[in-house]
Every structure is written in structure tokens, then in C-alpha cells.
Protein chains: 2
Amino acid sequence: MKNSRVNKVLEGMMREGLSQMIITSPASIFYLTGKWIHPGERMIALYINKNGNHKMVINRLFPVYEDLGVEMIWYEDTENPIDHLNKCIDKNEILGIDKDWPAKFLIQLINSNVAKGFVNGSPIIDRVRMIKDAEEIEIMKASSKINDAVMLKLWNNLEVGKSEKYYVGLLQELYESEGASGFSFSPIIATSPNGADPHHGTGKDLIKDGDSIVLDIGGKYNSYCSDMTRTVFIGKEPSKEHADIYNIVKSANEKAISIIKEGVKFSDIDNAARNLIKDAGYGEYFTHRTGHSIGIEVHDFGDVSGVNHEEVKAGMIFSVEPGIYLKDNIGVRIEDLVLVTKDGCEILNSVTKEIVVL
Amino acid sequence: MKNSRVNKVLEGMMREGLSQMIITSPASIFYLTGKWIHPGERMIALYINKNGNHKMVINRLFPVYEDLGVEMIWYEDTENPIDHLNKCIDKNEILGIDKDWPAKFLIQLINSNVAKGFVNGSPIIDRVRMIKDAEEIEIMKASSKINDAVMLKLWNNLEVGKSEKYYVGLLQELYESEGASGFSFSPIIATSPNGADPHHGTGKDLIKDGDSIVLDIGGKYNSYCSDMTRTVFIGKEPSKEHADIYNIVKSANEKAISIIKEGVKFSDIDNAARNLIKDAGYGEYFTHRTGHSIGIEVHDFGDVSGVNHEEVKAGMIFSVEPGIYLKDNIGVRIEDLVLVTKDGCEILNSVTKEIVVL
């Protein structure tokens, strides 16, 4: 077990008056134990108790050879894992439950009256995971460094006549050759005017001379995600209108980043980007939140949005990715990951944000 | 609403003494309404009541323009959908819950005491979905017909020196050109000896002269899945050992299919295939269940396995896919989908199961 992380979760539980909880998300189990286990439909539960008698209930089909520093309770496929889990739980106390735990398991706990009550315990661990420790920061930086290298190689390979989909295959090879283990999400390679749909994936459309292309890509390195977007122009300089839109988005990205430091609210960061775009007359075309937390999962808990009035803290890493989307015309998005520090922030990406014509 | 399907679910509820349930799986909501809605993390619930006052609680972000024949209760992103759902529920009755409903929602229901109790209601609807109606049978047949055509075209394109991964891209195009909307699962293209791992996906390995290749592929047509496996030989006839193994697997596939008719147990079908392979001396190398139900989902509820002693019924569709896996040597799997009838079964695939050398 990663004791400093477990202790932070226990502190969070104390603050919430919770003495026990079960953690079932593979990502959170990895965070606390250093071990990825993918049990699929089968039950896995890391039981955490304020008294320190933590236990892991796990199917024998997923052998763990290393000592995770927690008592392992193995069950067979022919047994009901809930019987084993029930024995761990203090029936006189409320039990925290993982937000995504399937009802088929929770209903059994409810009906066997094994706890005084049930609450959603995930916000406690999700909030701990938002603030990266030194080990995580180092990996996140390395992961984004790989993403920088992949983006530049992708630029070198963009060619008129090749399809969006072609670059998905190429990106797979590029991430592997740079030491990443794969994508952190399905890459978005959106030629004109597909880029005007912020959720366009990749299709059969071919790169054309004069295109603007939205490139939203990320890889996984040591289980930590990168995520960056650049919008580039092919063959010729953008028109005055497109260059203006590009520079507004770039300014919004830079403005939002410029105000980030410990104590600023997520909503302030969102507003900084949004107001700049609004003042330039494109407010209605910036149709999504400004960013999201990132770490073990590409969308970790915590949005950079107008309704999240929580203050950011040193060690948080999230994306800043304003955009302008004009249907049938152009889409521009520029995204960096930032690490919050006491008096500012560190940008994890170093790829230029100036207009690039390839 | 598809009334005959809803009525079958209501009959199942009556048999279980359940007067109300919520259905939250997008696949089951599609099955009952004909409408796919992908709400992602947001809550959606189709509330079904024996008295007929069905309701759908749904986020405004997922507009439905057609009349689904059920009262729609819309909520905004700023509201808590559970408040709306609570108003539908009869607090004096037990409530059936979808097996995969996330705990974050169920905990709120529990803590607001909106029902007399909670049970896993999914088996009721899963069992209805196991028996396909006429409309579904027609689509499943068309879906498998497309899979037949794609398999033959894939054979025509297998070439020494091309990678497993290359064929994923090709398959995407083949399914689209045959009228399917995509894969029903990530295709398995396993050259030797990768085929000896029944869960090998696709990698960078190249087809070699003399290979045996496991091809496990399926597409989606009108939201219904196909799934078929063939194992083919490249360039030269298989060795005596490999031809023998191939023919044992083929006989196991045919033996299992030969005993299928209404009233036979799933476990009998599994045993028929397993015993044939055991008697031929390869029992320990057939390492998985014989098959799985299939329909809207590629793995519908209901395994063809030695521990499932339920009787099959006319209208059920499942796979029969025995295999033999010899590490570092060869893997052979032969899979068809079958439709159970009163006195036999209909095989949905027509691609030859004889040894094929390409």
C-alpha cells in the first residue's frame, strides 16, 4: 500500500465522520496499492478502516504475486464474494461505497444489513487523487513530454490526401516508439470543417490543402495520462477571419493560465477564458467547459467550469482548453495541461501555440 | 414502447412478485422503446409499474423527438434527477433495480426511503431478452449474413507479410461496405502461435507462410450483433497433428450443435463439445465455456457452460465455439451462432467449416 496516500484518504474519512469504506474502482485501487487489477465483471473491493485493519477481497482468477501490504481475502468463482466482504464490515458504522459500484453488489449488502448505513465515499478519494504527490508529478511531466514529442512528429507527417483515420494508426506507433503504453483516449484528428464539432473523432475524410486541423491527442505513460490539443493549418496561411479566431483562442488559453495559482477558483479560470472569447464576440461558439482534472484517468474528478467554485490547490493538474466552433467553417481549440503551484502554475506542454502552417 | 416486450417483462415481474422496477441499461431501454440513448454518466431511468403508469426520467441534453409511448420526465443538468425519480416510486412496494446501476444513484434512493426494499431486477428483463422475437430473429439472421460475407472477403485478402492490425482497418471497411454499422467487438486476428491465447487481440505480428490464423469477428447491423470464428491455414496444408486438432474442434462444434433443441440444458451442450475434445485427449486445452447468448449485446445474459443447467428455449440465439489451445504451437476455434427451434436449431452462419488453405 502507498501509505501516505492511504493516510490522506483516512484523514478525509475522519473529516467526513466515516470510519470505513470500500474502494472498488481499479484506478483508485491502483492509486492506493500500486497494482492494476482488471477484474471485469467480478467483484474486487479494498476495504479501508480507520483502525487500520484494511483488507482486499479478490477473485483467485486475478493472482497477485507481490505483497501489497494488505490482508488478501481470496474467493473462488463458485463462491459469493459478498459473503467474504460482509465479514470485514463493522455493522455498527456507516460504510462508504464507491460511486460506480454496480447495484447487483450493493443490493446484497443492503439486504444483509451489514452496516448502519451507506454513503457515497468516492468524493473523499477523488479529492485526494486531485492533488498529485511528487511521484505522480514526475510521471505526469514525463507523460506530457512524450505527448510533446508525438505532436511534433505528427506535424511532420501531416500530408494532403491522407485520411484522419490513417493518423490514428500512425499515432499508435509514435506513442509506442516514445515509450508510452497507448492512448489515454481516442485521438481527435479533425480536418475542416469537422473540427467545428468539438467531439468529432476520426473518419475517412482526407486532409486538403488549406485545411485547418484540430489535433487533440494523449498517451499513457506509467499509467498516467497526457492530453494536448493544437490546431494547425495546411499548405497556406489562414484567412484573416481564421487567424483572428485562432489568436482569440490562444489568448483565452494564455489568459486563463496566467491567473492560475493556489486559491483561485476553478470557475475563475473558466471565466477568464470565457470572458475573453465573449468580449471578442464569439461567446456562443465556446460550447464546453474550459478543462478537466487529469491523472490516472484522462477525466479525473474536478471540472474547470463556471459552476465549480472550489479553490485550486498546489499539486492539482488539469487541462485548459478553450475553443471556438463555427459550424461548416472552422473549429479551433488549444489545450495545455497545467500543474498548480503556490504562486502560479507550470505548463506541462512545450509545443508552440503560435500559428503553424505545415 | 414495444408493448409485447414490455408485457413480457411485466409477466416476469408478476412471477417474481415485483410490482415496480427501473431499467437503466441503454441496451434494455433500446429493447423496450426502440430508441438508443447514450446518457454517459448522466442518469436515465425507465420506470415500469404493473399498473401501467410507466415513466422515463431523462436529461434534457438527450432530446427525444419521437413519441416513445411513455410519459417523459425531463430534468436539467442543474437538478438532481433522483428527486424526479423518487416521485414515480411507490414507497409501499419493493423496487427492482438494474444490476449495473451505479452506487452513487442507488445510495440516494436508499437514503430517501422511497421503497419498501430493493432487489436486482435485471434477471427478469435479461431472461426476456434471451428469447428473440420475430423482428429480432430477422435482424440477427441479416447480421450474420453480413458476417459471412465479410469473412469470405477477409479470406480473399489474407496475405503473407501483412500484420494482424492491418486487417482491423480492412474489416472496418468491409463491415461498412456490407451495411453493418461497425464491430460488435474488437476483432481477433491471431497468427501462429498467438492463436493459442484465446484472448489474443491483434498486434504487429505479420502473417507467415504456413501459419494457422484464428479469425474471430463480428459486426453490428440494426443494433444486433454477429459473431463467428474460423481458423484457416496459409500457404500450405496443415501438418497431420494440426489437421487432427482442427477436425476434433470441428467435430466438437458439430456435435454440440447436433443436440440443440428446446428443452436441452445449456450444460448438456457444453458437455457435448467438451466430452468430445476430452475423449480425443485434448480436454485440458479447451479452457473456456462453449458459448454465450448474443443479441443487442455481444455477450447477452446466459452462458453455454457446464454450470448453467437452465433449459434452452425456442428463439434463443447463442454461440457454439469450442477450441483447443496448445501454447507455442497452435490454437483452433470454430464458432457459429445458432437459433434454437422446437425440434432442433438453425445455424446462422454458412461459411464452410472444412479445412481451408489460403
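This structure is a prediction, so every number in the text was calculated from the model and none was measured. Residue numbers begin at 1 in each chain, while the letters A, B, ... track the order of the sequences.
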Subject >> Contact origin within A/D100 toward chain B - heavy atom pairs under 4.5 Å >> reply: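 Interface part for A/D100: both.
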Subject >> Worked check of side-chain contact (heavy atoms from CB on, under 4.5 Å) between B/S19 and B/D90 >> reply: CA-CA 9 Å; B/S19 66; B/D90 181 344; 5.5 Å; no
Top contributor to chain A interface from [options] [non-hydrogen pairs under 4.5 Å]:
| options | value |
| --- | --- |
| B/K99, B/K204, B/Q172, B/E41 | B/K99 |
| B/N120, B/T78, B/V168, B/V307 | B/N120 |
| B/G121, B/A103, B/G169 | B/A103 |

Original post:
side chain to side chain donor-acceptor pair (under 3.5 Å) between A/D270 and A/T290: does it pass, once the steps are laid out?
Top reply: CA-CA 5 Å; A/D270 185 86; A/T290 292; 2.8 Å; yes
**OP:** Fit a plane to each ring of A/F30 and A/W36, take the angle between them on a 0 to 90° scale, and name the class: parallel (under 30°), tilted (30 to 60°) or perpendicular (over 60°).
**Re:**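 The rings of A/F30 and A/W36 lie parallel, inter-plane angle below 30°.
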Original post:
Under 3.5 Å, side chain of B/Q108 to main-chain N/O of B/F105, donor-acceptor pair present?
Top reply: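 Not a single qualifying donor-acceptor pair exists.
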